[in-house]
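Hydrogens, waters and symmetry mates are skipped; everything else that's a heavy atom, side chains included, is used. Indexing begins at 1, ligand by ligand and atom by atom, following the structure's order. In this text, all values refer to a predicted model and were calculated from it rather than measured experimentally.
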Amino acid sequence: WWKKRNDEYDARNALRNEPMVVLDGKETSAKIRQELALKVKELKAQGRKVPHLAAILVGEDGASRTYVNAKVRDCEEVGFGSTLIKLPAETTEAELLKAIGKLNHDEDIDGYIVQLPLPKHIDETKILLAVDPRKDVDGFHPQNVGKMTLNLPTYIPATPQGIVELLRRYEVPTEGKNCVVIGRSNIVGSPMSILLSQHNYPGNCTVTLCHSRTRDLEEICRNADIIVAALGRPGFVTADMVKEGACVIDVGITRIDDSSKKSGFRLLGDVDFDAVAPKCSFITPVPGGVGPMTRAALMMNTMKVTELED
Ligand code: NAP
């Protein structure tokens, strides 16, 4: 549907000589999976080990189950080995730590993720610290966060990594641009701000990291060449907050009940897409933008196992 919309906006923007491009995460992620599948074939031909990704899912959260199942499907498509470990919601912290210890010592498992959020009785930080940094394909362990901050080779959290990859593949200009990141979480906003300010492409931005205590957020956004919205408030970024020609990346995913959909829900982003898109040079849709790129980035990180080992 956004391809049709892209054409409509292109036609409109042609009048002012500024084409708008929808950054298509679905198509780009499919391409990435194809490239990874070729690399898997090469590894096999060289008689080398094919990466094996494991995922631990604790409890029955519907969204988490959907995400984990999608990750397993992605592994199958690319040709990676995959193992899904499902634990009941009552699993204790000690039991989860034991399962993690097992994965840390399992030579067949090259990387693994612990699907978040965890049930409230489990201390998330304790769990993330227990993951062997060499198998931490989510890039959440402090050792890997430190390496990312120093721009050393390591696993990068999947969502920011997916966004960077999308910017790279669409050759979105970033050097010297004012970039506003809304949201400072450890998994999205904070690493995004670090990556976009790094001394390479895509990067070299002047980054402003905003959060719930930021004053004059709307005015700050109006000065942005690039906006990354990652706060989880549907439609938060409105047209009057966006300057003409900006690039807008919508990370937000909020599930809204919708009985007209087969799934029973629909997904809303943090950006008022219809109103904002006509002002943009580049924009990501929801769904079909950052979400699929996040999945692809996890697969890229899993392939990195072979490079970081060498
Ligand atoms: P989070 O941990 O809840 O963090 C939200 C951030 O937004 C916080 O830093 C918060 O500020 C800030 N914030 C909240 N309300 C604000 C406001 N009115 N003005 C300015 N800042 C505000 O969320 P997250 O995990 O980063 O996720 C953010 C969104 O991205 C969610 O919708 C999530 O579902 C989605 N997401 C999507 C993907 C994907 O693959 N597409 C991946 C991960 C997350 P404080 O720090 O001051 O509280």
Side-chain angles (χ1 to χ4, degrees), residues 2 22-26 28-30 32-33 55 61-71 73-74 113-118 120 124-125 128 137-140 145 155-167 179-196 207-222 224 227-238 240-242 248-256 265-273 283-301:
W2 68 82
V22 173
L23 302 172
D24 187 336
K26 202 170 167 201
T28 308
S29 63
I32 291 171
R33 284 195 301 278
D61 179 70
S64 294
R65 217 175 40 222
T66 310
Y67 292 145
V68 165
N69 287 338
K71 289 167 188 175
R73 274 202 312 278
D74 288 345
I113 59 151
V114 182
Q115 185 65 43
L116 302 179
L118 289 167
K120 290 207 167 23
E124 234 166 64
T125 308
L128 297 180
V137 283
D138 258 340
F140 293 159
V145 176
Y155 304 113
I156 311 279
T159 302
Q161 152 107 325
I163 293 170
V164 162
E165 192 60 27
L166 198 57
L167 296 174
C179 174
V180 170
V181 178
I182 315 173
R184 57 178 162 182
S185 72
N186 290 339
I187 62 167
V188 188
S190 170
M192 194 70 244
S193 70
I194 292 168
L195 294 176
L196 285 175
V207 179
T208 308
L209 182 58
C210 299
H211 43 76
S212 65
R213 312 295 166 92
T214 299
R215 285 190 199 157
D216 302 326
L217 178 66
E218 297 191 359
E219 192 53 37
I220 292 170
C221 285
R222 275 192 278 276
I227 296 177
V228 180
L231 68 161
R233 306 273 155 114
F236 182 87
V237 176
T238 50
D240 60 322
M241 291 165 71
V242 177
V248 175
I249 306 294
D250 190 351
V251 185
I253 298 180
T254 304
R255 280 186 181 210
I256 300 287
F265 64 84
R266 69 197 152 98
L267 301 179
L268 295 181
D270 286 345
V271 176
D272 178 358
F273 184 95
I283 188 166
T284 62
V286 175
V290 175
M293 288 305 294
T294 297
R295 280 169 54 183
L298 178 65
M299 296 299 111
M300 289 165 68
N301 268 346

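- Geometrically, ligand 1 and Arg184 share a nitrogen or oxygen pair separated by less than 3.5 Å.
- Here the closest heavy-atom approach between residue Cys210 and residue Ile220 is recorded as SG-CG2, 4.1 Å.
- Here the heavy atom of the protein found nearest to atom 19 (N) of ligand 1 is Phe236 CZ, 3.8 Å.
- Between Arg233 and Asp270 there is no salt bridge, since no side-chain N of the basic residue sits under 4.0 Å from a carboxylate O of the acidic one.
- What you find for Gly139 and Pro157 is that their closest heavy atoms are O-CG, 3.7 Å.
- Within the set Leu231, Ile163, Ile187, Val290, the minimum heavy-atom distance to atom 7 (O) of ligand 1 is found for Leu231.
- Of the protein's heavy atoms, at least one falls inside 4.0 Å of atom 32 (O) of ligand 1.
- Each of Leu195, Leu196, Ile187 was checked for a side-chain contact (heavy atoms from CB on, under 4.5 Å) with Pro160, and the lone residue meeting it is Leu195.
- Residue Ile249 forms a side-chain contact (heavy atoms from CB on, under 4.5 Å) with just one option from Val271, Val290, Ile227, Ile283, and that option is Val290.
- The nearest non-hydrogen atom to atom 2 (O) of ligand 1, considering only Ser185, Gly232, Gly189, Pro234, comes from Ser185.
- Scanning Ala230, Gly252, Ala297, Gly183 for the heavy atom closest to atom 28 (C) of ligand 1 points to Ala230.
- Between Leu116 and Ser64, every side-chain heavy-atom pair lies at or beyond the 4.5 Å cut-off.
- Of all the atoms in ligand 1, the ones that sit under 4.0 Å from a non-hydrogen atom of Gly291 are 40 (O), 41 (N).
- In the vicinity of Val188, heavy-atom distances shorter than 4.0 Å reach the ligand 1 atoms 26 (O), 43 (C), 44 (C).
- Nearest protein heavy-atom contact of atom 35 (C) of ligand 1 is Val251 O, 3.5 Å.
- Protein heavy atom at the shortest distance from atom 48 (O) of ligand 1 is Ser212 OG, 3.7 Å.
- Atom numbering of ligand 1 starts at 1 in the shown order; those under 4.0 Å from a heavy atom of Thr294 are 39 (C), 40 (O).
- Among all protein heavy atoms, the one lying closest to atom 14 (C) of ligand 1 is Arg233 NH2, 3.9 Å.
- Between the side chain of Arg33 and the main chain of Ala296, no donor-acceptor pair closer than 3.5 Å is present.
- A donor-acceptor contact shorter than 3.5 Å links the side chain of Asp24 to the backbone of Lys26.
- With a 4.0 Å heavy-atom cut-off, ligand 1 is reached by the backbone of Ile253 and by its side chain too.
- Pairing each heavy atom of Thr284 with each of Gly289, the nearest pair is CB-CA, 4.2 Å.
- Considering only non-hydrogen protein atoms, atom 42 (C) of ligand 1 sits nearest to Thr159 OG1, 3.1 Å.
- Contact annotation for Met293 and ligand 1: no heavy atom of the residue comes within less than 4.0 Å of the ligand.
- Counting heavy atoms only, His211 comes closest to atom 20 (C) of ligand 1 of the residues Arg295, His211, Arg255.
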